[in-house]
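Everything on this sheet refers to the single structure shown next.
In what follows, chains carry the letters A, B, and so on, assigned in the order in which the sequence lines appear, proteins first and then strands, with residues in each chain numbered from 1.
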2 protein chains.
Amino acid sequence: MATGRPHRPATRSRGIPEATVARLPLYLRALTALSERSVPTVSSEELAGAAGVNSAKLRKDFSYLGSYGTRGVGYDVEYLVYQISRELGLTQDWPVVIVGIGNLGAALANYGGFASRGFRVAALIDADPGMTGRPVAGIAVQYIDELETIIEDNGVSIGVIATPAGAAQQVCDRLVEAGVTSILNFAPTVLSVPEGVDVRKVDLSIELQILAFHEQRKAGEASPPAAPASIPSGPGAPAGAVVRGRDDAEVRAEARAGRDGDPGDDLPAVMPA
Amino acid sequence: MATGRPHRPATRSRGIPEATVARLPLYLRALTALSERSVPTVSSEELAGAAGVNSAKLRKDFSYLGSYGTRGVGYDVEYLVYQISRELGLTQDWPVVIVGIGNLGAALANYGGFASRGFRVAALIDADPGMTGRPVAGIAVQYIDELETIIEDNGVSIGVIATPAGAAQQVCDRLVEAGVTSILNFAPTVLSVPEGVDVRKVDLSIELQILAFHEQRKAGEASPPAAPASIPSGPGAPAGAVVRGRDDAEVRAEARAGRDGDPGDDLPAVMPA
DNA sequence: TTCTGTGAACACGTTCACAGCG
DNA sequence: CGCTGTGAACGTGTTCACAGAA
């Protein structure tokens with residue numbers, strides 16, 4: 001999950017619940033698949049199955065969009081695809097820039113689901129001069145000095161940050177300053193942005209840690225790691241304990257003032273052959 | 001955000017709320033940074049700021065772990081790092097395999113936050129024979145035939161799927177069959193797994209779509225795309241409308257029976273120099 | 001009848017506000 | 001006094017169950 005958005009105003013008149021918005025892309029994907037197979041209609045049960053949710057939730061979700069189904073029959077696939085696309089704003093074209101063309105940036109640039117659905121990669125930007133001009137996914141990488149020009153010339157409002165953690169806040173500031181109002185952040189840092197700018201975060205290591213938590217529970221079903229109210233040894237006791245975290249990428253927050261590039265760190269550049 | 005877990009049993013005795021678990025890695029990162037700067041104690045206010053949450057939430061979260069703070073003072077940084085690490089199960093070593101070594105798989109293999117925090121990349125696996133033996137992040141890629149052997153020999157319980165969508169379910173089935181009980185899925189597909197297996201999903205394009213939704217709202221503040229209860233034109237009307245989705249990666253669910261490789265699709269392989 | 005759409009009940013998560021410890 | 005820990009209030013999200021359209 002991604003978090004980090006500034007907190008939506010309490011008065012959400014006429015609005016669709018966040019949880020529902022987050023599921024619309026799921027429905028859209030399932031519907032698109034049905035559409036490709038020329039399936040004309042689908043029941044809430046079937047569609048829910050394909051999207052990996054339960055049917056009650058799906059119906060509730062759709063009820064926020066309006067009454068697009070037919071009782072006793074189901075939903076018209078094409079019509080729903082259109083309605084959801086429109087609701088998500090995918091009927092218009094969204095130019096995006098990707099900053100930080102390491103392996104991850106390259107993966108994003110090549111990602112099919114990115115290029116379709118109304119998202120157009122307007123530019124790839126990297127702080128390493130050695131990357132400049134190099135084609136990735138058929139697009140020549142541009143030097144970071146061009147950032148402001150690119151944003152303004154293309155009317156970019158969505159930026160993707162795939163830089164090392166240390167560069168993320170600076171890149172973010174420049175994006176926002178240049179007019180970007182939505183940011184998808186892959187760097188393991190908390191970004192601070194002014195009011196009105198949305199940030200969504202995708203953190204690879206956090207997801208793994210959550211899995212580890214549950215995995216641990218499975219293993220020692222009888223003996224969970226228990227946090228007893230009676231603390232055996234007071235604070236400071238296990239000082240240099242088993243805790244790892246050395247050479248850790250995201251702990252580089254201190255020297256955030258440095259250069260704006262520093263590629264090949266936690267999210268290293270594409271291997272240069 | 002990631003979804004798809006089977007739904008936690010209603011009786012969560014002695015358990016930590018999911019929402020809290022999802023934030024623990026955030027706190028841990030902030031604490032690790034403080035620890036590196038040799039900060040001895042931190043208040044809920046400060047730590048919350050560093051982690052990007054509010055202090056009430058943080059205190060509530062910590063209250064589920066036990067009473068690890070000191071009133072009037074704050075929390076002992078080292079001690080908290082240890083407690084959270086232990087709670088998340090990061091004091092033990094988790095061997096993981098990454099299946100699908102395209103750009104994304106390579107990015108994951110190189111990712112610092114992966115290698116630290118107790119996660120050890122036990123193997124990189126790809127279905128492309130051309131990748132076999134090639135070193136990525138210092139580890140030789142192994143052919144997919146070795147999958148079961150690798151899992152069993154290394155006691156791997158966590159698998160990462162970074163294959164194209166079409167291969168994901170098959171890879172998932174093989175992982176589960178071989179003994180993996182936690183899966184982090186980057187492929188844009190809904191995976192079906194037996195009871196007891198956890199799946200977390202990271203979907204790059206879904207995050208963008210959610211951003212687009214909010215971005216759209218900002219633009220036309222006065223005129224949201226409105227879903228009026230009175231439908232202007234009935235189902236089937238905008239049949240071949242503005243909806244895009246052609247050449248879309250995730251719509252390849254039909255031919256899921258094919259070979260188990262198919263690299264270079266939506267998540268293409270590392271450019272071979 | 002079948003299946004949608006939705007109020008009402010419930011579960012979960014967040015915030016408030018303050019008691020109480022150091 | 002400062003700050004944690006936590007009950008209680010509140011808001012959001014999910015599930016239930018059924019009325020009612022086709």
What is the separation between atom [atom1] on [X] and atom [atom2] on [N], rounded to the nearest whole Å?
X: B/Y68; N: D/dG5; atom1: OH; atom2: P; answer: 11 Å
X: B/R59; N: D/dG2; atom1: CZ; atom2: P; answer: 15 Å
X: B/L58; N: D/dC3; atom1: CG; atom2: P; answer: 14 Å
X: A/R23; N: D/dG13; atom1: CZ; atom2: C1'; answer: 8 Å
X: B/E46; N: D/dT4; atom1: CD; atom2: C1'; answer: 14 Å
X: B/L47; N: D/dG2; atom1: CG; atom2: P; answer: 20 Å
X: B/E18; N: C/dC12; atom1: CD; atom2: C1'; answer: 11 Å
X: A/L24; N: D/dG13; atom1: CG; atom2: C1'; answer: 15 Å

Quiz prompt | Check: A/T32 side chain, A/L28 main-chain N or O, donor-acceptor pair, under 3.5 Å | solution =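 Yes.
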
Quiz item: Sub-3.5 Å donor-acceptor pair from the side chain of A/S43 to the main-chain atoms of A/E46, do we have one?
Solution: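 Confirmed, A/S43 side chain pairs with A/E46 backbone.
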
Respond yes when some side-chain nitrogen or oxygen of [X] is under 4.0 Å from OP1 or OP2 of [N], and no when none is.
X: A/S44; N: C/dC3; result: no
X: A/T70; N: C/dT4; result: no
X: A/N54; N: D/dT15; result: yes
X: A/Y64; N: D/dT12; result: no

Practice problem: Quick one: closest heavy-atom pair of A/D198 and B/K218, and the distance? | Solution: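 The answer is N-NZ, 3.7 Å.
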
Practice problem: Report the residue (A/A56 or A/A19) whose heavy-atom-nearest nucleotide on DNA chain D is the more 5′ of the two. | Solution: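 The residue whose closest nucleotide sits nearer the 5' end is A/A19.
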
Quiz item: Mapping B/V73 and A/D61 to their closest nucleotides on DNA chain D, which lands nearer the 5' end?
Solution: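 First, find each residue's nearest nucleotide; the 5'-ward one identifies B/V73.
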
From C-beta outward on [X], which listed nucleotide comes closest to its side chain: [options]?
X: A/R71; options: D/dA21, C/dC21, C/dT6; answer: D/dA21
X: A/K60; options: C/dT15, C/dT4, D/dT15; answer: D/dT15
X: A/S67; options: D/dT4, C/dG5, D/dG13; answer: C/dG5

Quiz prompt | Result of checking A/V53, A/L58, A/L26, A/T41 against A/L47 for side chain to side chain contact (heavy atoms under 4.5 Å, CB included) | solution =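 With A/L47 as partner, A/V53, A/L58, A/L26, A/T41 yield a single side chain to side chain contact (heavy atoms under 4.5 Å, CB included), made by A/L58.
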
Quiz item: What nucleic acid atoms does A/F62 come within less than 4.0 Å of, heavy atoms only: base, sugar-phosphate, or nothing?
Solution: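 The residue A/F62 makes no contact with any strand.
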
Practice problem: Would you mind reporting whether A/P25 and B/F213 have side-chain heavy atoms less than 4.5 Å apart? | Solution: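 SC-SC contact between B/F213 and A/P25 ruled out.
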
